[in-house]
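Naming: A, B, ... by sequence-line order, numbering from 1 per chain. Just the heavy atoms: all of them, side chains too, but no hydrogens, waters or symmetry mates, feed the values below.
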Number of protein chains: 4
Amino acid sequence: MLAMADQVQAESRQRGRPRSEASHQAVLEATARLLCSIPYEDLTVERIAAEAGVGKQTIYRWWKNKAAVVLETLVTGQTDMELVDLPDTGDLRADLLTWTKSMISEAFTPSTISMARSLVAAGVQEDPATEELLSGAAFWDTGRLVQRLRSAEERGEIRPGADLAAVTAALGDPFILRLLVGQPPGERWAQTLVDVVVRGLQPQGASD
Amino acid sequence: MLAMADQVQAESRQRGRPRSEASHQAVLEATARLLCSIPYEDLTVERIAAEAGVGKQTIYRWWKNKAAVVLETLVTGQTDMELVDLPDTGDLRADLLTWTKSMISEAFTPSTISMARSLVAAGVQEDPATEELLSGAAFWDTGRLVQRLRSAEERGEIRPGADLAAVTAALGDPFILRLLVGQPPGERWAQTLVDVVVRGLQPQGASD
Amino acid sequence: MLAMADQVQAESRQRGRPRSEASHQAVLEATARLLCSIPYEDLTVERIAAEAGVGKQTIYRWWKNKAAVVLETLVTGQTDMELVDLPDTGDLRADLLTWTKSMISEAFTPSTISMARSLVAAGVQEDPATEELLSGAAFWDTGRLVQRLRSAEERGEIRPGADLAAVTAALGDPFILRLLVGQPPGERWAQTLVDVVVRGLQPQGASD
Amino acid sequence: MLAMADQVQAESRQRGRPRSEASHQAVLEATARLLCSIPYEDLTVERIAAEAGVGKQTIYRWWKNKAAVVLETLVTGQTDMELVDLPDTGDLRADLLTWTKSMISEAFTPSTISMARSLVAAGVQEDPATEELLSGAAFWDTGRLVQRLRSAEERGEIRPGADLAAVTAALGDPFILRLLVGQPPGERWAQTLVDVVVRGLQPQGASD
DNA sequence: CAATAAGCGAGACGGTACGTCGTGTCTTAGC
DNA sequence: GCTAAGACACGACGTACCGTCTCGCTTATTG
């Protein structure tokens, strides 16, 4: 996307005033700021423009609508929604349990919940471009999870050949849905989740 | 308590014309009909009212906004979103694989995807009542999954003591998110998901 | 045959509960009460019903709409809009000047202005029945004016043969329009009005 | 005043897109067009907007409500309600009789009656601005009447010193009220009206 | 004296218009 | 030619009122 924008810019070679990258960034930051406190439904393009000190048209020059602005804001990590650490001590089960505990205690804040909801509200459009963006994106800790699992796989901690994307989904998606509902899961729930998945990944014949 | 309730009931004593349960139902059915073809964002209270042959005020008398109507419509199963069968042959892995296959082939239709998105769009509100409704509800096949798992537990097919809600989440939530994005998972992905979870649930010391 | 006729008459005679004249009157009084303080546009049938302690349907059983209620209320003189006295001392000019002075000082109150406006607002309907009612009715002091003029005519104070309705209009209508606009006329204005009309009515050849 | 206005204008300095005078005019014309055939009560802001090819918000940006639009439309003479000619042959009585005859034959058409009613319906608001507008405006033939009377006064046709506004009211207001009721006055009525007023205006001591 | 029938207060109903708000486009002046 | 500002056409929102309908209950007449 950015590459394409660059190309276009190079192609037309600066006829008239160039688009203000500063405005672009100001919009993203303003959106991030607003999303901390107000839900997606109450977010307005006009309000974003005002907060960013930008004209409404400037927003529509860069994005096709409000959803696109919100998506780019959240997907490019303008917010503090950088969730939690996933350590790599060599003990997958322990690391995942640490991760779930951090998740429950740190991610289930009103602000994060609200942002997660905004992301979903913006993403749930009947729009092919959005679908592609979302299906390709590695939200939240998807990336971290996959990385940790791959490290475990290489280390022989888990049996090889598993579709790590599926495992990531089994571990992460339940948290996402709980986040959307705003109900933090209990400790036993999280423990079972990690337990089942880690056991399910153990090399053949390994005992508990 | 009952006496008091009776008293209250006797006190109000049905003054004026009672609310029309027929209108209530007509709205839910009209909404269900519309949701098959129209995305949530294009759904209008006025259109629901017209489709139901009902005044707009009647809708606002029963529900506080469009989201509430859509939620009640989808949560009370007015639609054909009854997903797929989850057989109980005694072989949990086989049954779950059957279920995932049905899921992929039957649930990832434009209509079901659209309704799933509508449910989420309506559910992602910053509203306590909605939160409670959603956290309490057993959407999609949550109920069926839990039931199948409990049956397996009783039969000794899986180790006891696991939090079945967590297991259900590990199996089901990934499908829900894929549904929202509109991207059906691949066969290997589904197989890994089932495999990992079923293995993870096997009784202690059991070998593959 | 007569018996049968009697029977028919008896049959059409009041079966069921008779209409409550008390409710009828209560509505008129409530309307009169409300019209003192709130403008026609802010008057609602529901509010009248509430003020009268009456069901809305009862109002619609007696009148076809709000305008009809207001018209009947004002035309039947339920209000204190009984304007001012028009004395009959034998000196038409003096009497009319007295009347105009009372008019200006007493009729141009917010309450009377508001009621006059309500009457007009209710009367200005594209409805034949209303037209007939209004054209036939003798509002305000039309009756008094005509009576006074006739008395003057009989006494030879004014020349005979004038269309007294027209004279009444020339004298009264200007006050009505000033009332609607809410702008009391000046003293000179009123004096000219009376002067011109009285002079114009003087017997032929009479000098000032 | 003008200096201050200039200052204000200079201060705000035309920020943003200026209001479209074209839209303003389109609304007035559309309203005028609609008022020919639709009574005030059936006139809708939405319909005006549609007829004018204008957004509803644009109407509310210029006027505070439907009444204000209708008033401006009728007061600024967007309609063909230019009533009738009032000739100036030097014979006041003859001219006024001509005028009344034209009035009766030409003004009492459904269209003009409807517009007159609309004007009144819109004008009868409990609103100070409306009061001022109406009290200051010279509706219908007020202007023509005053002008003709002044010309007569200058020519010595009538006695000097009369409040011509009052005379105008005596002559014109009765027609306005008859117009509102929709009942054209008879010939004798009109003749009396003119006769009385013209006689009442004759120079002192003049005989018939 | 019961049955019947219509009116009663209350309030929900199907509609319609309101006035506000948000979207995405367009039009100014200024840089 | 892009910027901020803001008016524009469009259309949904949620409210208010209209005139009708439906409750449980009176209150008369009539069989």
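Note that NE2 of C:His24 is 4.5 Å distant from CG of C:Leu28, once rounded to the nearest 0.5 Å. One finds the CZ atom of D:Arg33 at 4.5 Å from the CD atom of D:Glu51 (value rounded to the nearest 0.5 Å). Going from atom OG of A:Ser118 over to atom CD of B:Glu126 covers 7.5 Å, rounded to the nearest 0.5 Å. The distance from the OG1 atom of A:Thr31 to the CD1 atom of A:Ile59 is 6.5 Å, given to the nearest 0.5 Å. Taken to the nearest 0.5 Å, the CG atom of C:Leu133 stands 12.0 Å off from the CD atom of C:Gln125.
Heavy atoms of D:Trp63 sit nowhere under 4.0 angstrom from any nucleic acid atom.
An OP1 or OP2 oxygen of F:dA7 is reached within less than 4.0 angstrom by no side-chain nitrogen or oxygen of D:Thr58. Note on A:Trp62: every side-chain N or O is 4.0 Å or more away from OP1 and OP2 of E:dG24.
The nearest whole Å value for the distance from the CD1 atom in B:Ile38 to the C1' atom in F:dA12 is 14 Å. Atom-to-atom, CD of D:Glu51 to P of F:dA9 comes out at 14 Å; the value is rounded to the nearest Å. In this structure, B:Arg61 atom CZ and E:dG15 atom P are separated by 13 Å, rounded to whole Å. For the pair B:Ile59 CD1 and E:dG14 P, the computed distance is 9 Å after rounding to whole Å.
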Chi angles and distances behind the side chain to side chain contact (heavy atoms under 4.5 Å, CB included) call for A:Trp62, A:Glu21: CA-CA 10 Å; A:Trp62 289 84; A:Glu21 181 60 41; 3.8 Å; yes
Between C:Lys66 and C:Val69, does a side chain to side chain contact (heavy atoms under 4.5 Å, CB included) hold up when you go through it step by step? CA-CA 5 Å; C:Lys66 180 176 70 167; C:Val69 181; 5.6 Å; no
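Side chain of A:Thr58 to backbone of A:Val54: no donor-acceptor contact under 3.5 angstrom is found. Between the side chain of D:Arg117 and the backbone N or O of D:Leu180 there is at least one donor-acceptor pair closer than 3.5 Å.
The stretch residues 18-36 of chain D touches DNA chain F through D:Pro18, D:Arg19, D:Ser20, D:Ser23, each having a heavy atom under 4.0 angstrom from the strand.
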Every protein N/O lying under 3.5 Å from an N/O of nucleotides 18-22 of chain E:
| residue | atom | partner | partner atom | Å |
| --- | --- | --- | --- | --- |
| E:dC18 | OP1 | D:Val45 | N | 3.2 |
| E:dC18 | OP2 | D:Val45 | N | 3.1 |
| E:dG19 | OP2 | D:Tyr60 | OH | 2.4 |
| E:dG19 | O5' | D:Tyr60 | OH | 3.4 |
| E:dG19 | N7 | D:Lys56 | NZ | 3.2 |
| E:dG19 | O6 | D:Lys56 | NZ | 2.9 |
| E:dC21 | N4 | D:Gln57 | OE1 | 2.9 |

Write down the protein N/O and nucleotide N/O pairs, taken from nucleotides 1-5 of chain E, whose separation is under 3.5 Å; answer none if there are no such pairs.
none

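Legend: residues meeting side-chain hydrogen bond (donor to acceptor under 3.5 Å, both in side chains) with C:Trp63, ordered by chain and number and at least two apart, are C:Glu72.
Along DNA chain E, the nucleotide nearest to C:Gly55 and the one nearest to B:Val54 differ in position, and the one closer to the 5' end is contacted by C:Gly55.
Contact record, B:Ala49 with B:Gly55: CB-C, 4.2 Å, taken as the closest heavy-atom pair.
An angle of 20°, rounded to 10°, separates the two end axes of the helix from E:dC1-F:dG31 to E:dC31-F:dG1, each defined over five pairs.
D:Leu74 pairs in a side chain to side chain contact (heavy atoms under 4.5 Å, CB included) with only one of the listed residues (D:Leu71, D:Thr76, D:Val70), which is D:Val70.
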Which atom pairs, donor and acceptor, lie under 3.5 Å between side-chain atoms of residues 35-48 of chain D and protein residues at least two apart or in another chain?
| residue | atom | partner | partner atom | Å |
| --- | --- | --- | --- | --- |
| D:Ser37 | OG | D:Leu34 | O | 3.3 |
| D:Glu46 | OE2 | D:Lys56 | NZ | 3.3 |

